[in-house]
Protein chains: 2
Amino acid sequence: MTISDIAKELGITPSTVSRALSNSTRVNEKTRLKVQLVAQRMGYHPNVMASSLRKGTSGTIGMIVPRINRHFFSNVICGVERIVNPAGFNLLIYQSDEQHDKEVLGLQTFLKNRVAGIIISLASDTDDYSHLQQLSGMGVPLVQFDRVKDDLQGAKIVNDNFNGAYLGVKHLIKSGYKRIAHLAGALHLNVYNERLNGYLAALKEIGMGYDDRMIVTNVITRDAGADAITKVIDAGADAVFCAGDYSALGAMLEIKKRGLIIPDNIGVLGFANEPFAEIMSPALTSVEQNAFEIGNRAAQAIIQMIEKKDATINTEEVVPVRLIVRESTIKNNCLTF
Amino acid sequence: MTISDIAKELGITPSTVSRALSNSTRVNEKTRLKVQLVAQRMGYHPNVMASSLRKGTSGTIGMIVPRINRHFFSNVICGVERIVNPAGFNLLIYQSDEQHDKEVLGLQTFLKNRVAGIIISLASDTDDYSHLQQLSGMGVPLVQFDRVKDDLQGAKIVNDNFNGAYLGVKHLIKSGYKRIAHLAGALHLNVYNERLNGYLAALKEIGMGYDDRMIVTNVITRDAGADAITKVIDAGADAVFCAGDYSALGAMLEIKKRGLIIPDNIGVLGFANEPFAEIMSPALTSVEQNAFEIGNRAAQAIIQMIEKKDATINTEEVVPVRLIVRESTIKNNCLTF
DNA sequence: TACAAAAATACAAACGTTTGCATTAATTCA
DNA sequence: TGAATTAATGCAAACGTTTGTATTTTTGTA
């Protein structure tokens with residue numbers, strides 16, 4: 001079922017059929033309707049391979065995320081889809097599994113597929129960026145989100161990590177906590193680095209010195225959170241700002257296990273507002289990231305670059321975050337059931 | 001950067017280059033190496049549009065899920081990716097948002113893209129299957145998973161919903177609950193229908209009659225769960241089997257709000273083992289579905305159909321589920337913190 | 001009616017591969 | 001050494017579109 005079949009059926013040429021189907025002004029209204037009718041009747045589906053081969057670009061946008069099954073990323077994907085599909089693009093999705101090698105593999109697949117643009121959040125593993133550097137030279141638009149490398153060409157959409165951390169820690173201070181620890185992530189990633197800076201800024205502002213023993217890095221998982229919390233408690237912490245909700249979860253479970261009360265003995269603040277944060281008891285105070293909005297903006301950015309055929313811009317959008325105060329940081333009030 | 005560029009560079013023809021790159025036996029070992037070296041050096045990326053146009057099929061598999069950000073579905077996607085990528089395919093993902101119309105739209109996009117096969121879990125909205133019926137005639141392999149329509153051609157991979165429900169309710173009975181209610185889903189979907197049947201079978205087995213007021217249907221969301229639980233409590237329920245964890249969550253929160261104790265006054269059993277089930281207090285007993293395994297099997301099935309070029313098989317695989325017993329169903333033992 | 005202008009359609013090449021068939025080069029065997 | 005066989009390469013068409021240019025048809029105007 002091709003354009004030529006329709007052409008034969010109607011006794012016209014493939015070119016007019018093509019133009020009729022793409023609503024070109026160069027074809028008579030009557031024949032346009034006839035063509036579209038016949039196409040419908042014959043169950044014609046245009047062959048996008050042929051089309052994009054001829055046009056030199058596909059209507060596909062490639063997206064690489066570290067983990068598809070992480071709440072934040074799957075919601076960013078939703079946000080991207082919501083914009084990209086109505087605009088006539090479709091999404092090819094790859095998972096890097098936090099591995100640089102897989103990231104490169106995915107990128108190569110995208111290039112083979114002549115994607116119109118690439119949206120990516122870097123694998124934690126990635127510290128060589130040559131696979132991404134080549135893109136702007138090839139004219140392939142790149143949008144980075146969340147985990148970004150600053151000096152790469154293209155648009156960047158990031159959370160306001162600094163402010164989220166800053167606001168959260170200020171809130172801890174206001175709640176009366178005196179010795180606030182930080183379970184940080186991998187500091188070569190902008191997101192965790194900025195959160196650390198927000199934490200330090202909040203402490204500095206009130207003249208609270210900081211203590212090396214109060215900061216543990218590379219704490220991202222639940223298990224790591226459980227391990228790290230004991231260290232900072234031993235160092236005298238009465239509150240902890242965790243750079244992610246999973247480490248906060250691990251910390252909370254460990255704290256409970258030790259018979260300490262959250263938030264009375266120890267306050268816990270997370271980041272990401274994973275779905276379970278609300279459900280836990282005590283409910284976890286956390287910084288909410290607007291994943292859907294980030295997805296929307298990333299999609300808009302890539303579409304704009306594609307349409308302007310400009311892969312060399314260099315913009316950064318910071319998406320605001322929101323502190324969601326729950327039970328885990330409000331002292332003198334045992335809300336545990 | 002095309003095959004012809006490489007050919008010119010080496011003074012040979014595009015055809016030999018093509019054969020060299022695809023490791024054909026019809027080309028000399030030496031030239032093969034030379035070609036691959038030059039390809040590497042020149043940064044050649046094959047154009048899959050051209051290739052699939054010529055070959056008549058793309059190396060892309062289309063996948064439609066109701067919601068990408070649901071734990072179960074995103075994990076199935078992971079499972080599919082893990083098999084499909086090493087096999088040289090890539091995944092085009094669509095979200096139906098539980099809407100029939102979007103499902104059709106996604107399917108059409110897939111057909112335009114000449115996908116090699118389609119993996120789908122039906123939108124709850126879908127009760128007309130003509131868009132899927134046409135596929136086998138067109139030679140496009142179809143694999144359904146989780147939410148399936150029986151009389152469609154293709155492979156089906158489903159959870160053992162009946163057994164999961166049956167085992168769960170048996171467990172409730174063994175725990176000493178006497179009047180077990182069921183918050184069911186939308187019964188036109190196989191998954192919820194089978195869970196209902198498992199529930200009924202367990203009751204019947206011990207001669208426990210069932211009561212219409214004990215079964216509320218179309219309860220899938222958290223809010224619906226909260227609403228429905230009051231009805232069945234009023235009808236005298238001392239335990240509830242929820243067809244999904246979200247309704248179970250809603251129910252639990254409502255039960256707590258009413259000052260009743262889980263599991264002592266009321267037992268709660270969920271289905272899906274969402275990540276929060278483990279974390280809640282009391283922790284929610286739930287039936288775990290092996291999403292990753294389902295993804296693996298779906299991927300294997302579609303690849304097999306693609307390779308055999310047979311879209312007309314009609315198989316069903318049932319993937320076992322596992323009851324995970326936690327605090328919410330173990331009486332006389334207040335484990336709430 | 002004739003002629004220019006505009007509108008509609010046709011023609012043909014191109015996008016980058018793949019692949020059956022034809023050709024040339026290399027090898028084997030008598 | 002030369003014919004027969006095999007291995008390696010070349011040629012050219014095809015996949016289904018799109019699109020610049022050419023041609024035909026229609027329309028408007030003098």
Side-chain angles (χ1 to χ4, degrees), chain A residues 1-36 38-39 42-60 88 108-116 138-140 309, chain B residues 1-36 38-39 42-60 88 108-116 138-139:
Chain A
M1 209 36 50
T2 76
I3 252 184
S4 312
D5 294 327
I6 301 178
K8 257 176 235 160
E9 177 81 11
L10 288 166
I12 56 179
T13 60
S15 41
T16 30
V17 174
S18 170
R19 286 192 248 260
L21 290 173
S22 61
N23 293 319
S24 160
T25 56
R26 280 181 53 188
V27 65
N28 190 315
E29 178 71 11
K30 268 192 206 165
T31 58
R32 212 196 68 205
L33 291 174
K34 258 194 294 184
V35 167
Q36 292 182 339
V38 172
M42 297 175 84
Y44 168 76
H45 290 282
N47 185 326
V48 299
M49 328 244 69
S51 163
S52 5
L53 173 60
R54 175 60 231 251
K55 294 206 276 195
T57 175
S58 78
T60 303
Q108 279 168 349
T109 310
F110 287 168
L111 293 179
K112 283 189 216 166
N113 278 278
R114 300 293 188 272
V115 293
M138 301 171 66
V140 179
K309 294 183 198 302
Chain B
M1 209 35 53
T2 76
I3 252 184
S4 312
D5 295 326
I6 301 178
K8 258 176 235 160
E9 177 80 13
L10 287 166
I12 56 179
T13 60
S15 39
T16 29
V17 174
S18 170
R19 287 191 251 259
L21 291 172
S22 59
N23 292 318
S24 159
T25 55
R26 281 181 53 189
V27 65
N28 191 314
E29 179 70 13
K30 270 193 204 161
T31 57
R32 212 196 69 204
L33 290 175
K34 258 194 295 186
V35 167
Q36 292 181 340
V38 172
M42 298 175 84
Y44 168 76
H45 291 282
N47 184 327
V48 298
M49 329 244 67
S51 163
S52 4
L53 173 60
R54 174 61 231 250
K55 295 206 276 193
T57 176
S58 78
T60 303
Q108 278 168 351
T109 311
F110 287 168
L111 291 179
K112 283 188 215 166
N113 278 278
R114 300 293 186 271
V115 294
M138 302 171 66

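Only heavy atoms go into these numbers, but all of them, side chains included; no hydrogens, no water, no symmetry mates.
OP1 and OP2 of C:dA8 both lie 4.0 Å or more from every side-chain N or O belonging to A:Thr16. A sub-4.0 Å separation between OP1 or OP2 of D:dC11 and a side-chain N or O of B:Thr13 is absent.
For B:Glu29 and C:dA25, the CD to P distance is 22 Å, given to the nearest whole Å. Atom pair B:Arg32:CZ and D:dA7:P shows a separation of 16 Å (rounding to whole Å applied). Nucleotide C:dA26 holds its P atom 10 Å from the NZ atom of B:Lys30, rounded to whole Å. D:dG16 atom C1' lies 15 Å from atom CE of A:Met42, rounded to whole Å. A:Lys8 has its NZ atom 14 Å from the P atom of C:dC11, to the nearest Å. Here C:dT9 presents its P atom at 11 Å from CG of A:Leu10, a figure rounded to the nearest Å. Straight-line distance from the CG atom of B:Leu33 to the P atom of D:dA8: 13 Å, rounded to whole Å. When the P atom of D:dG10 is taken as reference, atom CG of B:Asn28 falls 12 Å away, rounded to whole Å.
Here B:Lys34 contributes atom NZ and B:Ile12 contributes atom CD1; the two are 7.0 Å apart, rounded to the nearest 0.5 Å. Separating the CG atom in A:Asn113 from the OG atom in B:Ser52 is a distance of 7.5 Å, to the nearest 0.5 Å.
With A:Tyr44 as reference, A:Ile6 is the one residue of A:Val17, A:Val38, A:Ile6 to meet the side-chain contact (heavy atoms from CB on, under 4.5 Å) rule.
Within the nucleic acid shown, B:Ser18 comes within 4.0 Å of at least one base atom, counting heavy atoms only. Using a 4.0 Å heavy-atom distance criterion, B:Ser52 is classed as making no nucleic acid contact. As judged by a 4.0 angstrom heavy-atom cut-off over every strand, A:Ser15 is placed among the base-contacting residues. Heavy atoms of B:Ser22 sit nowhere under 4.0 angstrom from any nucleic acid atom.
Listed for the A:Asn28 side chain is a donor-acceptor partner under 3.5 Å among the backbone atoms of A:Lys30. Checked by atom type and distance alone, the side chain of B:Ser22 pairs as donor or acceptor with a backbone atom of B:Ser18 at under 3.5 Å.
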Taking N or O atoms only and anything under 3.5 Å, show me the protein contacts with nucleotides 21-26 of chain D, one pair per line.
{"from": "D:dT21", "atom 1": "O4", "to": "A:Arg26", "atom 2": "NH2", "distance (Å)": "2.4"}

Provide a list of protein-nucleic acid N or O atom pairs under 3.5 angstrom, restricted to nucleotides 13-15 of chain D.
{"from": "D:dC15", "atom 1": "O2", "to": "B:Arg54", "atom 2": "N", "distance (Å)": "3.3"}

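B:Arg114 is linked by a salt bridge (charged side-chain N to carboxylate O under 4.0 Å, His left out) to nothing, counting only residues two or more places apart in sequence or in another chain.
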